[in-house]
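Throughout, residue positions are numbered sequentially from 1 according to the sequence presented.
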Amino acid sequence: MRKFFEYTKQAILITFTMFLLCGFIYPLAVTALAQGVFPHKANGSLIEVDGQARGSELIGQEFLKPAYFWGRVSSINYNVYTMKDTIPDENDQLNYSDVSSGSFNYAPTNPELKKRIEADIEKFLLANPAVERQGIPADLMTASGSGLDPHISVKAAEIQIQRIVQASGLSEREIRKIMDTYTEKQTLGIFGENKINVLMANLAIMKRVEEKNG
């Protein structure tokens with residue numbers, strides 16, 4: 001009986017000690033370190049405009065206006081929904097599928113994949129008449145695994161310049177300067193490829209247009 005109480009005491013002490021270490025001390029230490037060393041990243045890499053959060057550097061957004069860069073195709077619409085999307089259609093189906101991440105997951109032989117890509121290509125060519133079909137970079141017509149990719153390749157941005165110039169009133173030189181500013185280089189200079197943060201570039205375009213129009 002004595003040993004039973006000793007073992008029970010040890011088990012309770014170990015449980016309580018681990019509870020303090022893992023449940024309080026460690027989380028507080030990591031949080032304090034993150035907030036002290038890189039608070040911007042620890043708080044979600046939020047981008048603020050006029051004191052209001054407009055998005056995150058890590059999460060893409062949908063842009064439809066011709067004056068801005070368009071991002072990659074998203075199977076979840078970048079989690080952008082309206083009240084209309086929450087109302088069932090005539091088939092009792094909803095466009096709204098709750099906040100999530102993910103891709104279309106179509107197999108290469110799935111006819112729906114070809115149908116989706118063809119529709120997106122036609123939409124892009126209609127908005128960018130100077131672009132040839134074979135000149136569209138693959139990343140613009142393929143969805144990322146999360147559906148939330150905030151980047152596009154430099155080439156994907158370059159083929160949109162003419163449309164943005166015409167719609168925004170900015171010069172090609174101004175657009176290219178914005179592209180250069182928000183181009184993220186390869187990791188360690190060898191991994192991946194140079195890419196552009198769509199939200200950051202579009203916010204810069206918005207600001208430049210506002211400055212130009214007074």
As a quick check of understanding, evaluate side-chain contact (heavy atoms from CB on, under 4.5 Å) for M179 and V154, giving each step before the final call. CA-CA 8 Å; M179 286 174 55; V154 175; 4.3 Å; yes

Please lay out, stage by stage, how E48 and R54 fare under the test side-chain contact (heavy atoms from CB on, under 4.5 Å). CA-CA 6 Å; E48 293 190 356; R54 296 301 179 92; over 6 Å; no

Residues Q52, D50; criterion side-chain contact (heavy atoms from CB on, under 4.5 Å); working and verdict: CA-CA 6 Å; Q52 291 186 338; D50 297 328; 5.8 Å; no

Are V165 and L170 close enough, and set up right, to give a side-chain contact (heavy atoms from CB on, under 4.5 Å), and what steps lead you there? CA-CA 5 Å; V165 168; L170 301 181; 5.9 Å; no

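Closest of all the heavy-atom pairs between E193 and S153 is OE1-CB, 3.8 Å. Between M141 and I117, the shortest heavy-atom contact is O-CG1, 4.1 Å. Scanning all heavy atoms of the two residues, the minimum distance from G102 to S75 falls at O-OG, 2.7 Å. Between A156 and D139, the shortest heavy-atom contact is CB-OD2, 3.5 Å. Annotation for L21 and P27: closest pair O-CD, 4.0 Å, computed over non-hydrogen atoms. Annotation for L199 and G55: closest pair CD2-CA, 3.9 Å, computed over non-hydrogen atoms.
Between the side chains of Q61 and N202, not a single donor N or O lies within less than 3.5 Å of an accepting N or O.
Annotation: the span from L203 atom CG to I47 atom CD1 amounts to 6.0 Å, rounded to 0.5 Å. Taken to the nearest 0.5 Å, the CG atom of L13 stands 6.5 Å off from the NZ atom of K9. Distance check, rounded to the nearest 0.5 Å: CD of E211 to CE of M206 gives 12.5 Å. One distance of note links CD1 of I121 with NZ of K123; it measures 13.0 Å at 0.5 Å rounding. With rounding to the nearest 0.5 angstrom, the NZ atom of K155 is 10.5 Å from the CD1 atom of I136. Summarising the geometry, atom CG belonging to L148 is positioned 11.0 Å from atom OG belonging to S103; distances are rounded to the nearest 0.5 Å.
Panel note: side chain N197, backbone E57; a donor-acceptor pair is recorded below 3.5 Å. Within the 3.5 Å criterion, the main-chain N or O of L140 finds no donor-acceptor partner in the side chain of R72. Judged by distance alone, the side chain of T183 and the main-chain N or O of I196 form no donor-acceptor pair under 3.5 Å. Formation of a donor-acceptor pair under 3.5 Å by the N110 side chain with backbone atoms of E112 is found in this model. One N or O on the side chain of R163 and one on the backbone of Y68 form a donor-acceptor pair closer than 3.5 Å. Checking side-chain atoms of S45 against main-chain N and O of S56 turns up no donor-acceptor pair under 3.5 Å. In this structure, Q160 contributes its side chain and W70 its backbone to a donor-acceptor pair below 3.5 Å. In this structure, N128 contributes its side chain and V131 its backbone to no donor-acceptor pair below 3.5 Å. At least one donor-acceptor pair under 3.5 Å links the side chain of S74 to the backbone N or O of G147.
In terms of hydrophobic clustering, with Ile, Leu, Val, Met, Phe, Trp and Tyr side chains grouped at heavy-atom distances under 4.5 Å, V209 and V49 are assigned to a common cluster. L58 and M200 fall into different hydrophobic clusters, where Ile, Leu, Val, Met, Phe, Trp and Tyr residues are linked whenever their side-chain heavy atoms come under 4.5 Å apart, directly or through other members.
Other residues sharing the hydrophobic cluster of L188, ordered by chain and number and joined by side-chain separations under 4.5 Å: I190, F191. Taking a 4.5 Å side-chain heavy-atom cut-off between Ile, Leu, Val, Met, Phe, Trp and Tyr, the cluster of F38 extends to L33, V37.
One finds no salt bridge joining K115 and E118 here, because no Lys/Arg side-chain nitrogen approaches an Asp/Glu carboxylate oxygen to under 4.0 Å. With salt bridges taken as basic N to acidic carboxylate O contacts below 4.0 Å, one links D120 and R116. Classification of E174 and R208 as a salt-bridged pair holds, one side-chain N sitting under 4.0 Å from a carboxylate O.
In this structure, F104 and I76 have side chains that are not in contact, with every pair of non-hydrogen atoms separated by 4.5 Å or more. In this structure, the side chains of K212 and K207 stay at 4.5 Å or more apart for every pair of heavy atoms. Using a 4.5 Å cut-off on side-chain heavy atoms (C-beta onward), P150 and I59 make no contact. Contact check for V198 versus Y182: no side-chain heavy atoms found under the 4.5 Å cut-off. Q35 is listed as a side-chain neighbour of N43, based on a closest heavy-atom distance under 4.5 Å. In this structure, the side chains of K195 and K185 stay at 4.5 Å or more apart for every pair of heavy atoms. You'll find the side chain of I205 reaches within 4.5 Å of the side chain of I178, heavy atoms only. Residues E172 and Q162 form no side-chain contact, since every pair of their non-hydrogen atoms from C-beta on lies 4.5 Å or further apart.
Summarising the local packing, CD of E132 is surrounded by 12 or fewer heavy atoms from other residues, nucleotides or ligands at distances under 6.0 Å.
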